[in-house]
Amino acid sequence: MPACSANCGKNAILKRPKTGDALCKECFFEAFENEIHFTITRAKLFTPGSTVAVAASGGKDSTVLAYVLKLLNEKYGYNLKLVLLSIDEGITGYRDDSLETVKQNRDDYEMPLKIMSYKDLYGWTMDEIVAEVGRKNNCTFCGVFRRQALDRGAMLLKVNYLATGHNADDIAETVLMNILRGDLARLNRCTSIITDSGDGIPRVKPLKYTYEKEIVMYAYFRKLVYFSTECIFAPNAYRGHARVLLKDLEKVDPAVIMNIIQSGESLCVNETANMPTLMTCERCGYGSSQKICKACTLLEGLNRGLPRLGIGKSSKVKKLIEQDDLKRSAAGCCKSKNKSDCGNCACNKNEIKRDLSKAVEELKI
Amino acid sequence: MSGLNITIEFGGGAELLFGNKKKQEVILPAKEGEWTLKDLIFWMKDNLLQERPELFIQDDSVRPGILVLVNDADWELMDTVKYVLEAKDKIVFISTLHGG
Ligand SMILES: [Zn+2]
Ligand SMILES: [Zn+2]
């Protein structure tokens with residue numbers, strides 16, 4: 001077994017992907033924590049006296065983030081108030097265990113915990129959404145709703161920052177995905193360590209330069225309890241092709257992770273390129289690249305009994321909504337957005353629903 | 001000749017491929033020559049793995065994204081698949097690919 005590269009005399013337990021150094025447990029802890037401290041101070045991530053919500057899923061990244069932020073806050077006197085913010089998607093048998101893990105974090109790290117449910121925020125649980133849309137598109141709903149749920153939760157908690165556990169591998173993956181999609185607007189934004197979602201509460205990523213391997217090793221050696229599972233609605237999903245490609249490349253040379261992040265950071269978008277501007281959603285006021293944000297469009301579809309509404313192209317969405325409004329007014333519908341408010345009017349009649357589903361089929365959304 | 005007694009542990013969701021058992025004591029059958037980690041990985045595929053071998057094995061090693069520890073040390077310090085197993089070794093497989 002090789003000796004620790006720091007010449008402390010102990011045996012190494014880990015080969016660092018970033019540097020190739022072999023470090024002992026103690027030297028690894030110190031290097032790992034100091035690098036995150038350096039990232040936080042160099043980017044001036046937090047103003048002293050602020051309240052920071054840590055987006056906590058019970059998974060490895062957010063568990064390590066909460067642990068290290070607490071440790072650094074005490075060690076270096078950041079003077080931050082840390083709280084945990086969790087989202088309950090309402091998936092029976094999936095979140096139950098991970099929420100237990102988050103509650104364990106709350107007790108272990110002595111941080112207040114706020115759990116917000118999709119039901120509270122949107123009126124629908126994921127179980128209910130899956131019953132409407134089936135299992136093919138449910139990940140779209142879940143992903144879009146989760147992103148905004150954190151923003152809404154941070155707003156309700158009146159915090160100054162929302163810290164997420166995105167690590168270097170996650171960010172490199174997002175850069176790759178945005179390149180593959182040709183999404184230049186996001187490409188530049190996804191590498192920033194601080195992003196503003198339009199509501200004034202900055203999202204920060206203190207683990208931006210931390211390798212996933214080190215996060216998992218850190219949790220293992222610190223004996224941090226975290227939860228890992230597959231979503232029961234997409235058990236074979238694992239991660240997408242970009243992730244697989246990235247892990248294959250990382251095996252050959254771990255430096256590719258940092259290289260991809262740096263490429264994303266230094267890419268300058270040509271001024272003549274067609275860039276969508278970030279605006280706020282007319283309906284909910286949260287950040288969006290469209291007049292109505294994706295979450296509101298998906299919700300509208302669910303509430304109108306047209307669950308696939310938001311999955312297609314936006315031009316088709318407009319057409320469908322117009323058609324739906326026409327049908328509803330012809331049937332004397334109150335046009336309520338919420339189906340349950342609409343018990344007395346004709347819009348709940350099955351024939352209209354059937355007509356609408358047929359219209360959706362014809363448009364091939 | 002008697003078999004080789006070792007402990008195998010799983011974490012980070014890798015246990016889901018192995019019948020959700022987090023820890024298993026196994027006796028590797030006696031064979032000619034030494035047991036390397038590569039031999040172990042293929043033995044596990046044939047004897048312990050319950051589902052989806054493509055999520056555990058890729059080419060001649062574990063799938064990239066699965067971390068391996070030998071007696072609580074990174075296997076990258078020990079020549080990875082070429083490491084020669086000894087009695088009472090503890091081998092840990094941790095998936096980094098599962099969500100949380
Ligand atoms: Zn050392
Ligand atoms: Zn909206």
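Note on naming: letters A, B, ... go to the chains in the order of the sequence lines (proteins, then strands), and numbering restarts at 1 for each one.
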- Would you mind checking if A:Lys25 and B:Asp72 are paired as a salt bridge, meaning a charged N to carboxylate O distance below 4.0 Å?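 The answer is no: the pair does not qualify as a salt bridge.
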- Query: Which answer fits B:Ile94, side chain, backbone, both or neither, if we ask what part of it has an atom under 4.5 Å from a heavy atom of chain A?
  - Reply: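 Only the side chain of B:Ile94 comes within 4.5 Å of chain A.
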Does [X] reach the side chain of [Y], with side-chain heavy atoms less than 4.5 Å apart?
| X | Y | answer |
| --- | --- | --- |
| B:Glu76 | A:Leu14 | no |
| A:Pro2 | B:Met78 | no |
| A:Phe28 | B:Asp74 | no |

- Counting only heavy atoms closer than 4.5 Å, note whether A:Lys15 contacts chain B via side chain, backbone, both or neither.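 Both backbone and side chain.
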If you draw a 6.0 Å radius around [atom1] in [X], do more than 12 non-hydrogen atoms from other residues or ligands fall strictly inside?
| X | atom1 | value |
| --- | --- | --- |
| B:Ile27 | CD1 | no |
| A:Lys18 | NZ | yes |
| B:Gln50 | CD | yes |

- Tell me, with the steps shown, if A:Lys213 and B:Thr96 meet side-chain contact (heavy atoms from CB on, under 4.5 Å). CA-CA 7 Å; A:Lys213 174 183 171 182; B:Thr96 66; 5.8 Å; no
- Would you sort out whether B:Val92 and A:Tyr220 count as a side-chain contact (heavy atoms from CB on, under 4.5 Å), showing the intermediate values? CA-CA 10 Å; B:Val92 181; A:Tyr220 180 80; 3.6 Å; yes
What are the two closest non-hydrogen atoms of [X] and [Y], and how far apart are they?
| X | Y | value |
| --- | --- | --- |
| B:Pro64 | A:Lys247 | CB-O, 3.5 Å |
| A:Ser228 | B:Gly12 | OG-C, 2.9 Å |
| B:Ala73 | A:Ala12 | CB-O, 4.4 Å |

